[in-house]
Amino acid sequence: MQTDSRGVEVRDLGHVDRAAAVAVIARGMEDNPIHLAAYRGDAAWRRRAHGRVVGALVAASPSLHLLGAARSGALVAVAGSAPPGTCQPTGKARLRLLTAAVSLGPATASRLVRWNAGWARHDPEEPHMHLGPVAVDAGLRGHGLGGLLLREHVRRLDAVGAVGFLETDRPRAVGFYERFGYVVVEQADVLGVPCWFMRRPAAS
Ligand SMILES: CC(C)(COP(=O)(O)OP(=O)(O)OC[C@H]1O[C@@H](n2cnc3c(N)ncnc32)[C@H](O)[C@@H]1OP(=O)(O)O)[C@@H](O)C(=O)NCCC(=O)NCCS
């Protein structure tokens with residue numbers, strides 16, 4: 001656990017933090033372009049729908065690691081990461097995710113499946129630490145919280161010499177990730193939304 005001069009605490013999240021982490025991710029991404037395309041509806045619906053999907057992902061993926069930033073004890077930013085070989089859910093986890101998707105209606109479920117397939121197509125074959133989701137509460141963006149999480153994430157990548165990978169649907173976030181050594185390796189439209197696929201080389 002680390003606390004910066006503003007009292008922001010960066011720490012690994014555990015089982016008891018899961019519900020709060022899912023809530024940060026669901027509300028933090030409600031206006032992302034690919035969420036608008038996949039879930040449609042209003043912001044409250046997108047938040048609820050994504051909360052259900054991320055809730056299923058977190059519950060079904062014991063290897064998914066969650067790093068969080070808390071201010072005055074309240075979780076305000078989260079970065080998830082999947083260790084090498086675990087970024088695509090298999091077996092029961094896949095079924096649980098599909099069940100969550102189907103519960104949102106057939107049209108939304110079909111878009112979610114195409115979104116997942118559209119991103120998975122770009123997953124590198126090489127072992128990599130897959131970053132995402134990353135979300136900071138809307139009113140607190142641009143104040144370095146995402147940077148705190150990324151700094152810790154890449155420090156850990158470098159400590160074990162791992163390759164990093166992520167995808168983003170926000171043009172502004174591309175520059176954010178570039179600051180931490182990620183480089184755009186591919187760009188493709190998924191659900192009609194421009195997406196960037198970024199790789200961070202292993203530290204030598
Ligand atoms: C992208 C995100 C995680 C960055 O976290 P943050 O705490 O805002 O980032 P920091 O304050 O450490 O760094 C700010 C930099 O990030 C970039 N940035 C990207 N999106 C931004 C946003 N919505 N608001 C403010 N800055 C943003 C800017 O380039 C900014 O650089 P600047 O200071 O030169 O303008 C955060 O803005 C966020 O949660 N956005 C919505 C969800 C999302 O898009 N997640 C990433 C999808 S992969």
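Note that ligands are numbered from 1 as they come in the structure, with each ligand's atoms numbered from 1 the same way. Scope of the values below: all heavy atoms of this structure, side chains included, with no hydrogens, waters or symmetry mates.
For an aromatic pair to be called close, the ring centres must be under 6.0 Å apart, and H35 with W115 satisfies this.
Within the structure, side-chain hydrogen bond (donor to acceptor under 3.5 Å, both in side chains) contacts touching residues 80-94 (residues at least two apart or in different chains) are Q88-D123. Residue pairs meeting the salt bridge (Lys or Arg N to Asp or Glu O under 4.0 Å) criterion with at least one member in residues 147-165, sequence neighbours excluded: D12-R156, E152-R155, E152-R156, D158-R200.
E125 meets the side-chain hydrogen bond (donor to acceptor under 3.5 Å, both in side chains) test with no other residue; sequence neighbours excluded.
Look at R199 and E126 and you find a salt bridge, because one of the NZ, NE, NH1 or NH2 atoms lies within 4.0 Å of a carboxylate O, short of that distance.
Listed by chain and number, G28, M29, N32, V134, A135, V136, R141, G142, H143, G144, L145, G146, G147, E167, T168, R170, R172, A173, F176, Y177, R179 each place a non-hydrogen atom less than 4.0 angstrom from ligand 1.
When each of V24, D17, V136, V22 is paired with V78, the side-chain contact (heavy atoms from CB on, under 4.5 Å) condition holds for V24 and for no other.
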